[in-house]
Amino acid sequence: MNKPENITTEWIEKEYADLKLRFENCKTSNWSCNTFVLNPEMQNLQAEITQLRQLCPHKYENNECIYCHKKNIGGDNNE
């Protein structure tokens, strides 16, 4: 993930969408219903999503951030 100098919520949304798409593509191309293999690419993508969520200013609606889709379990909508 190449962070810009000025991180914006638009960048976070776009970066999340890209990472999620790459994760889903990796998942569908490498998994079957009966097999679980720790895929390093999926592990790396999940780590990038976690890093992205740490940068996000979070704006919650229905207990999910509108930018990075982090769940706000048990919290208010203004974390």
Side-chain angles (χ1 to χ4, degrees):
M1 172 172 40
N2 294 323
K3 292 185 275 186
E5 285 186 35
N6 296 319
I7 296 172
T8 64
T9 55
E10 290 83 10
W11 177 81
I12 289 172
E13 285 181 292
K14 182 182 176 305
E15 191 71 16
Y16 177 83
D18 179 57
L19 290 170
K20 190 68 173 175
L21 179 62
R22 289 172 50 203
F23 186 87
E24 290 301 319
N25 287 340
C26 188
K27 182 175 156 184
T28 57
S29 66
N30 293 313
W31 286 35
S32 73
C33 293
N34 301 323
T35 306
F36 176 79
V37 177
L38 183 58
N39 181 323
E41 177 65 13
M42 292 179 77
Q43 190 175 17
N44 291 337
L45 291 170
Q46 189 61 49
E48 286 190 47
I49 288 171
T50 298
Q51 289 175 355
L52 183 70
R53 286 178 171 163
Q54 290 172 348
L55 298 171
C56 187
H58 302 306
K59 180 178 178 185
Y60 291 102
E61 288 183 7
N62 298 317
N63 290 318
E64 183 175 291
C65 178
I66 63 172
Y67 308 121
C68 73
H69 300 274
K70 178 182 177 186
K71 302 288 185 214
N72 187 21
I73 312 248
D76 60 34
N77 278 327
N78 299 316
E79 181 184 300

Asker: Nearest 0.5 Å, please: how far is OG1 in Thr8 from CD in Glu15?
Answerer: 10.5 Å
Asker: Do the non-hydrogen side-chain atoms of Glu64 and Asn62 ever get within less than 4.5 Å of each other?
Answerer: no
Asker: Measuring from Leu45:CG to Arg22:CZ, what's the distance to the nearest 0.5 Å?
Answerer: 5.0 Å
Asker: Can you check side-chain contact (heavy atoms from CB on, under 4.5 Å) on Gln51 and Leu55, steps first, answer last?
Answerer: CA-CA 7 Å; Gln51 289 175 355; Leu55 298 171; 5.9 Å; no
Asker: Any link between Leu19 and Ile66 through a network of hydrophobic side chains (Ile, Leu, Val, Met, Phe, Trp, Tyr) touching at under 4.5 Å?
Answerer: yes
Asker: On a heavy-atom basis, which atom in Ile12 and which in Cys68 lie closest, and how many Å separate them?
Answerer: CG2-CB, 4.0 Å
Asker: Roughly how far apart are Gln43 CD and Phe23 CZ, rounded to 0.5 Å?
Answerer: 10.5 Å
Asker: So does Asp18 pair up with Lys14, basic N to acidic O under 4.0 Å?
Answerer: no
Asker: Do you know the tightest heavy-atom contact between Tyr60 and Lys71?
Answerer: CE2-C, 4.2 Å
Asker: Rounded to the nearest 0.5 Å, how far apart are CD of Glu61 and CG of Asn72?
Answerer: 12.0 Å
Asker: Does the side-chain contact (heavy atoms from CB on, under 4.5 Å) test come out yes or no for His58 and Tyr67, once each step is laid out?
Answerer: CA-CA 7 Å; His58 302 306; Tyr67 308 121; 6.0 Å; no
Asker: Ile7, Ile49: one ILVMFWY side-chain cluster at the under-4.5 Å cut-off?
Answerer: yes
